[in-house]
Amino acid sequence: MSIPSTPDSLKHTQSIESISKVQLIIVVSAVGDIQYVSSTCEALLGYAKTDLIDTRLENWINSEDLYLIESLIYQPSHQTHCYFRMKKKDGSLVWMEAVLSEVKSSLGEEKEIIMMLSRSSDYQNPTKQDRGASISIPTIQRIQNDKIKNDEQVEEDYSAYDLIEYLPNGVFIFVNGIIKYVNEAGTTMLGACHKEQILETSVYEYIEENYHEIVEKRIKSVQQGYRVGQMEQRWKRFDGRAIDVEIISNHTTFKGKPASFVMLVDISHRKSFHKILQNSRERFRKLVQNSIDTIGVICEEKWTFINESGLKMLEVDNYGEIFGKSIFDNIPKEDFEKIWKEVHEQHNGPRLPTYEQEWKTMKGNSIHSELVGIPTTYLGKDAMQVIIRDISERKQAEALMLQSEKLSVAGQLAAGIAHEIRNPLTAIKGFFKLLEREMEEKKEYFHIIESELSRIELILSELLLLAKPHQVYVHPVPVHSLLKDVTTLLETQAIMNNVWFDLKLKADSPSIKCDENQMKQVFINLIKNGIEAMSSGGTIYIDTEDSEEDVVITLRDEGAGIPNDIIKRLGEPFFTTKSTGTGLGLMITFNIIKNHHGTVNVTSEVNKGTEIEVRFQRA
């Protein structure tokens, strides 16, 4: 019979000395089936051991005594010592004294009970009060020194002694803290060469000082017959190395004196493994908590875990605001159900699928993400671990790249158009110079025409900036003069569309640092858009005012207005609401304002008009 290492071996033994006269050993399963019988069975009971194996224990016990062992085998009990009568082959009964020990079976899972039986010659008819009481019998020390002449008796006496001596766990007997007995495993555990190095020494020599006080109390309690619980301690070997042990103490007697029967299990490897496991868990916890990606667990459509990055991504102030909350606060139900289904169906695939998903934060903001789902369990229920990466900035970068690509195309287009227009303009300017000499009386008209041709040429140069930037001439320019020049140029087009200008230039003679021609282009585009927005005519209000260090220019029309979703897209290349527009006008306008460190703000109300506020720093 193999007895594995377990701290439960010989648990609750009331009298270890009684094993010295063991005559029969029976191993019983947790349900009372006999698994093993020692070879002394035939001499004691008259039966071969094969007659008992695989039978029920109650078959061999006098029916009147069955209640004595019922609580020991069939019902958990702290009692491990009793008396009962066993049936012999000749029909007679023999009183047996039994010491029971619970151990794990050789398979490691089932519990087995070892019954160490000896004939009770002085206990033929015990009274009810005597049942279960321990009696004075020889000790282990006697077994070690006794010279027994009969070979069969030697086998009987030493079978129980060997059971203790060669247990894989350390066994000690203390009397007032002095070691009186140690088995082979205990000697090896402490790193001693032979038992004599340990016997008659104080147990405190091997126990770390922090445990001395509690060990002293435990020894006194055990020797007084009190039960003490299982405990972990740290002991020192002879070579100075510390070992972690699990210790079980029970009351016994040694040479008539109260003693402690102690079993030690070396758990150093287990503690070391637990430490490694704990360190591994701690590293994993830090890895999860400090990950720049969101890591979370979703079970029954609720958040059950989320790391710090997840709190930031979802704009949550503390864990209580999200734990146990519905996932549908952050993701559309149909999207989540689709991801959940695919993740749990494809988890055995070579690669986990990645999803692009839009999330809502707890503050209502939208974020774009990439998501990987991993099927898992949480408290025995199906769950999904998610790793979420915020790609909102990447999406913005992609949009900027797309806009940059459009600008590149616009630049190439503008360069081609500008070159084509510049050539005839050069010829026109040349001929006007010739005509100017012959018509002196109309010289002022020629001056205006030449000025406008120069402005057209500069406008074409601005288009060329999209393809090849050129140096800008920035100098202080009076804002009021600039606005008056622009309105003068657009006055004819305004009158043709039944539009009037209302200028309220209230700023105190402001000037701004800018390239004059570029700034004219800004206000030409803005006012021209206002004229085109009023198909039935109306008034364009042009105001200026001082605001601390800024000059504020406000343009307001009475047109059809612009919806909010379109306002967000104003300035995108090739985006236009006009049937004949190119989508480049406002893009160029906003770029010029930005390059001059100005700001522009557009507000509009449908059917009431649009207001554009432009701010520049005063020169």
Side-chain angles (χ1 to χ4, degrees), residues 280-407 563-573 575:
S280 176
R281 286 174 176 170
E282 183 63 18
R283 285 195 297 270
F284 176 74
R285 187 191 68 81
K286 289 180 178 179
L287 180 66
V288 170
Q289 285 294 356
N290 297 317
S291 171
I292 60 174
D293 294 330
T294 293
I295 299 176
V297 177
I298 302 167
C299 180
E300 294 185 334
E301 301 169 354
K302 294 181 177 65
W303 289 105
T304 57
F305 170 80
I306 195 167
N307 64 352
E308 291 286 344
S309 296
L311 296 184
K312 293 177 183 177
M313 185 190 80
L314 295 177
E315 297 184 311
V316 180
D317 295 327
N318 58 70
Y319 289 100
E321 293 182 16
I322 192 166
F323 282 175
K325 299 299 175 65
S326 172
I327 190 68
F328 302 139
D329 293 341
N330 308 112
I331 184 175
K333 182 177 181 180
E334 57 275 12
D335 291 356
F336 175 77
E337 290 175 347
K338 175 177 177 291
I339 293 171
W340 175 279
K341 181 180 179 182
E342 292 183 5
V343 164
H344 283 80
E345 287 179 353
Q346 302 177 19
H347 68 277
N348 291 323
R351 187 175 180 181
L352 294 171
T354 302
Y355 302 91
E356 281 201 12
Q357 179 62 44
E358 185 175 349
W359 294 76
K360 286 286 185 184
T361 71
M362 291 302 188
K363 295 182 179 179
N365 297 318
S366 297
I367 53 174
H368 293 275
S369 74
E370 281 183 341
L371 179 149
V372 173
I374 305 168
T376 184
T377 58
Y378 179 78
L379 299 178
K381 302 172 184 176
D382 286 341
M384 180 172 68
Q385 179 181 332
V386 291
I387 303 173
I388 306 168
R389 176 165 296 177
D390 188 348
I391 59 171
S392 299
E393 291 185 0
R394 192 176 82 189
K395 284 287 187 182
Q396 292 173 2
E398 289 175 355
L400 288 173
M401 288 177 63
L402 178 61
Q403 185 166 347
S404 177
E405 182 66 23
K406 289 181 178 180
L407 286 172
N564 287 333
D565 57 333
I566 293 179
I567 289 178
K568 294 177 182 178
R569 300 192 61 188
L570 293 178
E572 288 186 13
F575 174 76

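Here the structure is a predicted model, which is why all the values come from computation and not from measurement.
- Salt bridge status for Lys312 with Glu308: absent, with no side-chain N to carboxylate O gap under 4.0 Å.
- Shortest non-hydrogen contact noted between Leu314 and Lys360 is CD2-O, 4.1 Å.
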Go through Glu334 and Lys338 one step at a time and tell me if the salt bridge (Lys or Arg N to Asp or Glu O under 4.0 Å) criterion holds.
CA-CA 6 Å; Glu334 57 275 12; Lys338 175 177 177 291; over 6 Å; no
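- At distances below 3.5 Å, not a single donor-acceptor pair connects side-chain atoms of Asn564 with backbone N or O atoms of Ile567.
- Counting only heavy atoms from C-beta outward, the side chains of Trp303 and Asn330 approach each other to under 4.5 Å.
- To the nearest 0.5 angstrom, Glu356 atom CD is 12.5 Å from Asp335 atom CG.
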Carefully, step by step, assess Ile327 and Trp340 under the rule side-chain contact (heavy atoms from CB on, under 4.5 Å).
CA-CA 12 Å; Ile327 190 68; Trp340 175 279; over 6 Å; no
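- Closest heavy-atom contact between Ile388 and Trp359: CD1-CZ2, 3.5 Å.
- The side chain to side chain donor-acceptor pair (under 3.5 Å) test applied to Thr361 returns Glu315, not counting sequence neighbours.
- A pairwise comparison of heavy atoms in Ile298 and Phe336 identifies CG2-CZ, 3.8 Å as the closest pair.
- With respect to the salt-bridge test (charged N to carboxylate O, under 4.0 angstrom), the residues Lys333 and Glu301 do not qualify.
- Residue-environment remark: CD (Glu393) stays at or below the threshold of 12 foreign heavy atoms within 6.0 Å.
- Using a 4.5 Å heavy-atom threshold, the side chains of Arg394 and Glu370 count as touching.
- Lys302 and Ser326 form no side-chain donor-acceptor contact under 3.5 Å, judged by distance and modelled atom types alone.
- Separating the CD atom in Gln396 from the CD1 atom in Ile391 is a distance of 11.0 Å, to the nearest 0.5 Å.
- The residues Glu358 and Lys395 are annotated as not salt-bridged, no charged nitrogen and carboxylate oxygen being separated by less than 4.0 angstrom.
- A heavy-atom distance below 4.5 Å is not found between the side chains of Thr304 and Phe323.
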Cut-off 3.5 Å, no hydrogens considered: what does the side-chain donor-acceptor table look like for residues 378-386, sequence neighbours left out?
none

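- Counting heavy atoms from C-beta on, the side chains of Asp390 and Ser369 never come closer than 4.5 Å.
- Checked by atom type and distance alone, the side chain of Ser392 never pairs as donor or acceptor with a backbone atom of Ile367 at under 3.5 Å.
- With rounding to the nearest 0.5 angstrom, the CD atom of Glu337 is 10.5 Å from the CD1 atom of Ile331.
- Of all the heavy atoms in Asp565 and Arg569, the pair that sits closest is O-CG, 3.8 Å.
- At least one side-chain heavy atom of Ile387 sits less than 4.5 Å from a side-chain heavy atom of Ile374.
- Screening Leu311, Asp317, Val316 against Met362 for a side chain to side chain contact (heavy atoms under 4.5 Å, CB included) leaves a single residue, Val316.
- Asn307 meets the side chain to side chain contact (heavy atoms under 4.5 Å, CB included) test with Val288, Gln289, Ser291, Thr294, Ile295, Phe305, Ser309; sequence neighbours excluded.
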